[in-house]
Protein chains: 2
Amino acid sequence: MTTEKRSGGGMSEHRRARLRLEISREASRLFWEQGVAATSGDQIANAVGLSTRTIWRHFRSKESCAEPVVMQGVVTLLTVLRSWPRQSSLEDHLATELARLRHEEPPVDIADEMLAMKMIRLADTEPALRTAWLMACDQTERDMRVIVGDRLGRPGGDLEVRLHAAAAASVVRVMDEHIGAAILAGADVTEFQDVTALARRFARAIRTATGGAVGDPVA
Amino acid sequence: MTTEKRSGGGMSEHRRARLRLEISREASRLFWEQGVAATSGDQIANAVGLSTRTIWRHFRSKESCAEPVVMQGVVTLLTVLRSWPRQSSLEDHLATELARLRHEEPPVDIADEMLAMKMIRLADTEPALRTAWLMACDQTERDMRVIVGDRLGRPGGDLEVRLHAAAAASVVRVMDEHIGAAILAGADVTEFQDVTALARRFARAIRTATGGAVGDPVA
DNA sequence: GCCCATCGTGTCACTTAATGCCATACTGTC
DNA sequence: GACAGTATGGCATTAAGTGACACGATGGGC
């Protein structure tokens, strides 16, 4: 009752998120198959087996239906970053966690990842989808503020913290776009399978973008 | 006929941009006064003295009507960066150009600047407007790729270039949000009047965010 | 001067994204 | 099992956005 807003009655946050993701999957599939403009709210509702009215209860616009799927691509990395212990270096933490995710349950739905890449790709030509992608990245940045602020021992509203958080979020975004485009273009997927190398690339980019302020263990 | 797409017939790019800005001014004013949701396309059209149909000919959505005004805030800085000669340091170039802008014609409409700040502020609570702001920043980043790529002597699609461009664009965005929020909150405006200090702050932040790759003169 | 091509704008009809309202089915608590 | 609070569905409605066509302005060639 203290941490959770309400124990009974309301749909649990988790359940709501699942539903949003479900809708998002169908919407994204349709967007990819026939384009955003050619996909109607009715079609999405039909595909997921809900009434159109309910779709608009869960999403404020058609394009935003893509957000959860698009977010999925970043959400794992973000979760990993949130659990970053102060005494670890970024490289070590990323490498260990990414390796763990490879073998742990749940095995991170590959179909979702592909779908997310497709949406990001679509966002390159469809302005409507680009807003969804940018909104997702914006959310990433806000989360990043908390992480960075906590690391530097300063409030999230601090200018320095915000600059570093924005820079880090940019890295995640650009790398995501880059890797996604490469994979969709038919690049060798195994190039990104080496989690240690991947962790190093991410960590290096984040260190660079934050002027070294984010990456080292902190006392 | 060579530089300009078409000499006769079509509305010149410049004229079109002026009109878009005009519409954007009225739209932004209405958004600020009565909120985005409460402002209809008809109202905007009425305020600027055009038919509603024409509004949709120039903007693909209601929210995007705010883009030109919002963009104004960054466009000057972007113009300055585009004219950055290779042999100058970022600090020097920014300081000289910003100082020149203070006294040169046209004197950069202060009302537009204020309006832009208000829109960015509104974007903090209105998701619809946030997309407009993010789209403007996205455009900034694309422009930045060209600038950075040219500076580093590498193609704009290069991963390194994109990372640095994104970082630099982030700096511009966060600083803009920060300064805008401060001014709207009633901070002392004179704090940002010292162009030399301002130039130093921007340059320092960009140097940091790009790991020092962008800022020095290049041979 | 005139004619003509081209494009911007207005008007109207139309599609559809999105919201409000109310009745109903569901989910958990006592 | 009664009850409270919600999520959902269906329907009416608003408003965002588009297509089609006609008119007027602009500018270029003769």
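Letters A, B, ... are given to chains in the order of the sequence lines, protein chains preceding strands, and every chain is numbered from 1. These numbers were taken from a predicted model, which means no experiment stands behind them.
- Atom P of nucleotide D:dA15 and atom CH2 of B:W56 are separated by 12 Å, given to the nearest angstrom.
- Of the residues in residues 44-55 of chain B, those lying under 4.0 Å from DNA chain C by heavy-atom distance are B:L50, B:S51, B:R53, B:T54.
- Of the possible donor and acceptor atoms, one in the side chain of A:S40 sits under 3.5 Å from a partner among the backbone N and O of A:Q43.
- Atom C1' of nucleotide C:dG28 and atom CZ of A:R15 are separated by 12 Å, given to the nearest angstrom.
- Applying the 4.0 Å criterion to OP1 and OP2 of D:dT8, one finds that A:H58 has a side-chain N or O inside that range.
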* To do: Before giving the answer on side-chain contact (heavy atoms from CB on, under 4.5 Å), spell out for B:E126 and B:W133 the whole-Å C-alpha distance, their side-chain angles and the decisive distance to 0.1 Å.
  => CA-CA 11 Å; B:E126 299 250 18; B:W133 170 228; over 6 Å; no
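- Atoms CZ (B:R20) and P (C:dG8) sit 13 Å apart, rounded to a whole Å.
- The side chain of B:R57 sits closest to C:dG10 out of D:dG17, C:dG10, D:dT8.
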Write down the protein N/O and nucleotide N/O pairs, taken from nucleotides 13-16 of chain C, whose separation is under 3.5 Å; answer none if there are no such pairs.
none

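- Side-chain N or O atoms of B:S24 include none that pairs as donor or acceptor with a backbone N or O of B:R20 at under 3.5 Å.
- Every residue two or more places apart in sequence or in another chain that forms a side chain to side chain contact (heavy atoms under 4.5 Å, CB included) with B:D143 is listed here: B:L78, B:R82, B:Q139.
- Rounded to whole Å, the distance from CZ on B:F59 to P on C:dT9 is 12 Å.
- Annotation: salt bridge (charged side-chain N to carboxylate O under 4.0 Å, His left out) contacts involving residues 60-73 of chain A, sequence neighbours excluded, comprise A:R60-A:E67.
- B:E63 places its CD atom 15 Å from the P atom of D:dA15, with the value rounded to the nearest Å.
- Formation of a donor-acceptor pair under 3.5 Å by the A:R162 side chain with backbone atoms of A:G156 is not found in this model.
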Distance-only criterion, 3.5 Å: show the donor-acceptor pairs between side-chain atoms of residues 112-123 of chain A and protein atoms not counting sequence neighbours.
| residue | atom | partner | partner atom | Å |
| --- | --- | --- | --- | --- |
| A:D112 | OD1 | A:R25 | NE | 2.7 |
| A:D112 | OD2 | A:R25 | NE | 3.3 |
| A:D112 | OD2 | A:R25 | NH2 | 3.0 |

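- Residue A:R16 contributes atom CZ, which lies 16 Å from atom P of C:dT27 at whole-angstrom precision.
- Taking atom CG of residue A:D42 and atom P of nucleotide D:dG9, one finds them 13 Å apart after rounding to whole Å.
- Atom CD in B:E13 sits roughly 10 Å away from atom P in C:dG8 (whole-Å rounding).
- By the salt bridge (charged side-chain N to carboxylate O under 4.0 Å, His left out) test, B:E141 pairs with A:R173, B:R145, sequence neighbours left out.
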* List the steps and the verdict of salt bridge (charged side-chain N to carboxylate O under 4.0 Å, His left out) for B:E13 and B:R16. => CA-CA 5 Å; B:E13 284 307 311; B:R16 184 180 175 85; 5.4 Å; no
